[in-house]
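Proteins come first, then strands; the chains are lettered A, B, ... in the order of their sequence lines, and each starts at number 1.
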Amino acid sequence: MNYWLLKSEPDVFGIDDLADAPQRRTAWDGVRNYQARNFMREMRRGDEAFFYHSSCARPGIVGRMRIAREAYPDPTQFDPDDPHFDPRSRSDAPRWSAVDVEFTERFAETITLPRLREEPELAEMLILRRGNRLSVTPLTDTQWQAVLALAEAS
DNA sequence: GCCAACGTTGGC
DNA sequence: GCCAACGTTGGC
């Protein structure tokens, strides 16, 4: 079992959108960073992930979800009308991957960025490291449990 | 292969 | 809206 953290801007797609989606499930697509893509390719069905709201009034972790389908070619890379269209990606050698995720839980309170930074066990969490902007990052078991404990305490 | 220019991310 | 940090692009 692996643990992940996925960022999304709530104005574009937030955890409520996931909770309201058909089967409470959606494609996590549009990722256009190689390191993030490589992490997505490591994801296995059943892995768990936190949902992080970025670029908003209260950035932080708002809930969790489960990987429902492992990496497959991201359809948006071939769609000229999609903002994530990549004209240099070829259908016989897709450059970008998507996974499907399934809603698990919305936390009662957002675990805010400053709150996460207060937690000694999370000091090494990748999104807290200076300058790290990756939208897909792995978490250790310890980090996963520490965040869950914060969620339950709120 | 170097590196300057540019675009993007994302917190504040 | 600002700006630091980072990734990508493309000329050489």
Side-chain angles (χ1 to χ4, degrees), chain A residues 2-21 26-43 47-67 70-101 103-140 142-144 146-151 153-154:
Chain A
N2 296 308
Y3 299 107
W4 309 95
L5 184 145
L6 305 182
K7 291 187 199 172
S8 183
E9 301 182 21
D11 291 347
V12 178
F13 189 87
I15 191 160
D16 290 334
D17 296 307
L18 178 58
D20 292 342
T26 195
W28 202 271
D29 56 21
V31 173
R32 295 293 181 267
N33 171 285
Y34 287 105
Q35 212 179 336
R37 179 205 69 181
N38 292 342
F39 284 136
M40 291 174 82
R41 290 180 176 177
E42 290 177 26
M43 292 178 177
D47 283 357
E48 295 211 74
F50 287 126
F51 198 128
Y52 180 95
H53 280 177
S54 63
S55 295
C56 56
R58 280 170 65 79
I61 295 174
V62 293
R64 60 185 172 132
M65 53 201 161
R66 186 167 283 114
I67 306 304
E70 297 179 7
Y72 59 95
D74 179 348
T76 65
Q77 69 196 307
F78 304 122
D79 178 1
D81 296 326
D82 191 281
H84 299 291
F85 176 58
D86 182 351
R88 300 192 305 171
S89 185
R90 299 160 43 95
S91 57
D92 58 353
R95 186 177 292 205
W96 305 112
S97 297
V99 297
D100 286 356
V101 296
F103 177 86
T104 309
E105 178 188 6
R106 179 182 177 125
F107 296 147
E109 307 248 351
T110 298
I111 309 172
T112 64
L113 201 47
R115 183 69 189 90
L116 293 169
R117 291 193 189 283
E118 281 174 15
E119 207 57 29
E121 284 188 315
L122 299 178
E124 301 301 312
M125 193 160 82
L126 286 177
I127 60 154
L128 302 182
R129 309 284 305 251
R130 197 174 72 111
N132 197 313
R133 304 170 308 173
L134 272 185
S135 65
V136 178
T137 49
L139 296 187
T140 65
T142 304
Q143 291 164 349
W144 176 267
V147 172
L148 266 195
L150 291 177
S154 69

Assess whether a salt bridge exists between A:Asp86 and A:Arg95, defined as any Lys/Arg side-chain N lying under 4.0 Å from an Asp/Glu carboxylate O. yes
Contact boundaries on DNA chain C for chain A, cut-off under 4.0 Å to non-hydrogen atoms: C:dA5 to C:dT9
Applying salt bridge (charged side-chain N to carboxylate O under 4.0 Å, His left out) to A:Arg106 and not counting sequence neighbours gives A:Asp16
Does A:Arg129 reach a base, just sugar-phosphate, or nothing at all? Heavy atoms under 4.0 Å. nothing
Is the ring pair A:Trp144/A:Tyr3 parallel, tilted or perpendicular, if the boundaries are 30 and 60 degrees? parallel
Parallel, tilted or perpendicular: which fits the ring planes of A:Trp28 and A:Phe51, with parallel below 30° and perpendicular above 60°? perpendicular
Taking salt bridge (charged side-chain N to carboxylate O under 4.0 Å, His left out) as the test, write out the residues that go with A:Glu70, two or more places apart. A:Arg44
